[in-house]
> 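I'd like to ask you about the structure that follows.
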Amino acid sequence: MPELPEVETTLRGITPHIHQQTVAQIIIRQPRLRWPVPLSLTQELPGQKMLASSRRGKYLLLHYTQGTLIVHLGMSGSLRILTETTAAKTHDHVDIIFTNKVCLRYTDPRRFGCVLWTNEALAQHPLLEKLGPEPLTAEFNGDYLYQQAQARKTPIKTFIMDGQIVVGVGNIYANEALFLAGIHPKRQAGKINLASYKKLVHAIKKILAQAIKQGGTTLRNFSQSDGKPGYFKQKLKVYGRGKLPCVKCSTPLREIRQGQRTTVYCPSCQK
DNA sequence: CGAGCAACCTGCATGC
DNA sequence: TGCATGCAGGTTGCTC
């Protein structure tokens, strides 16, 4: 479910409600996520204040007095703010309740996400230390991507979805960015020239920035932390449109599998 | 080292 | 209606 724009939207949605708030209680109903939720949090977290929040790739980082909560939404996770008592449903795995009665609720049917805690320097955390640059920074540019691609035989789509190369480009936006840049998803990363990489980087930035501005892509169950849906889906040009006519040239879009993910592209516009 | 893929889980759409 | 199958927004951690 959540790609980077959804994670960013979630972060912006929840932060004002919990900023500078002190934890009263944490309830862990289901600790078995991607990695076990540390049960010691029920002792450690109460009394700590939420000082700041940030994001690294698709990891949400909630910085408390004595450590950081690392939250990932996986494929089906969401975080939302509850201001009045609401009975927990089947997949409501974790509640963080603040002294002002606000509840931050983590829900994740597929349990591919995680809720972890660290006291150590974040840059050295095993899940974060090898991550590539953020896509919306100046560090991520055509020259960088071109350099990283040298001698790489992996298909360009797989390459831009590799978090060690650049974080936050998920399946939807990888498809969309390649279409926008006119690049065939199967091309070998090492055989693409600098000019095309500049175009691709521009496309990735554009598509992500636009999606964030619109509040993320709504697919099935994603909604913002306030419950309002995102409005980006209607802007998708290839994702979910296999066999339908290309919006530019009307050629039927082609659908293939790369890795274990669906790729959609226009065989005429993408070379 | 890179490339490819199995694995972790539930829900939903589809087809018989 | 029921059941089997395949697919879904991610990413780690295996094998080769």
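The figures here come from the full heavy-atom set of this structure, side chains too, leaving out hydrogens, waters and symmetry mates. Order of the sequence lines fixes the chain letters, A, B, ..., with proteins taken first and strands second; residue numbering starts at 1 for each chain.
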> Could you check which nucleotide pairs with C/dT1 in any of the strands shown, counting Watson-Crick or G-U wobble with both distances under 3.5 Å?
none
> Who is the Watson-Crick or G-U wobble partner of C/dG6, with both distances under 3.5 Å?
B/dC12
> Round to the nearest Å and state the distance from A/Gln188 atom CD to B/dG2 atom C1'.
12 Å
> Can any side-chain N or O of A/Ser76 pair as donor or acceptor with the backbone N or O of A/Arg110 at less than 3.5 Å?
yes
> Which part of the nucleic acid does A/Phe159 contact within heavy-atom distance under 4.0 Å: base, sugar-phosphate only, or nothing?
nothing
> Taking the side chain of A/Pro109 as heavy atoms from C-beta outward, which of B/dG11, B/dG4, C/dT11 is closest to it?
B/dG11
> NA contact type, A/Gly163, heavy-atom cut-off 4.0 Å: base, sugar-phosphate, or nothing?
nothing
> Is it true that A/Thr263 and A/Arg257 share a donor-acceptor pair across their side chains at a distance under 3.5 Å?
no
> Starting from P on C/dT12, measure out to CG on A/Leu128 and report it in whole angstrom.
9 Å
> With rounding to whole Å, what would you report as the distance between B/dC9 and C/dC3 at their P atoms?
24 Å
> Which of the following nucleotides, C/dG10, B/dA7, B/dG4, is nearest to the side chain of A/Gln260?
B/dA7
> When only distance counts, do a donor and an acceptor, one from the side chain of A/Arg34 and one from the base of C/dT11, lie under 3.5 Å apart?
yes
> Go through C/dG9, C/dG13, B/dA3 for me and flag the one nearest to the A/Tyr239 side chain.
C/dG9
> Whole angstrom is fine here: how far is it from CZ in A/Phe112 over to C1' in C/dA8?
9 Å
> Can you check the A/Tyr173 OH to C/dG10 C1' distance for me, whole Å?
14 Å
> Return no unless some side-chain N or O of A/Lys58 is found under 4.0 Å from OP1 or OP2 of C/dG10.
yes
> Just checking A/Arg261: base, sugar-phosphate only, or nothing, at a heavy-atom cut-off of under 4.0 Å?
base
> Between P on B/dC9 and CG on A/Leu73, what's the gap in Å once rounded to a whole number?
18 Å
> Without decimals, in angstroms, what is the distance between A/Arg110 CZ and C/dT11 P?
13 Å
> Test your reading of the model: is there a side-chain donor-acceptor pair from A/Lys271 to the backbone of A/Pro267, 3.5 Å cut-off?
yes
> A/Trp35 side chain: which of C/dT12, B/dA6, C/dG9 is closest?
C/dT12
> Would you kindly give the CD-to-C1' distance between A/Gln150 and B/dC1, to the nearest whole Å?
17 Å
> Please work out whether the ring planes of A/Phe98 and A/Tyr64 are parallel, tilted or perpendicular, with thresholds of 30° and 60°.
parallel
> Of all the nucleotides listed (C/dG10, C/dT12, B/dT10), which has the minimum atom distance to the side chain of A/Leu127?
C/dT12
> Distance between the P atoms of C/dG6 and B/dA6, in whole angstroms?
14 Å
> Please report the distance, rounded to the nearest Å, between NE2 in A/His91 and C1' in C/dA8.
15 Å
> Of all the choices, B/dC9, C/dC7, C/dG9, which nucleotide is nearest to the side chain of A/Glu3 once you look at every atom?
C/dG9
> Below 4.0 angstrom, N of the basic side chain to O of the carboxylate: do A/Glu176 and A/Lys235 qualify?
no
> Side chains of A/Asn171 and A/Lys157: donor-acceptor distance under 3.5 Å anywhere?
yes
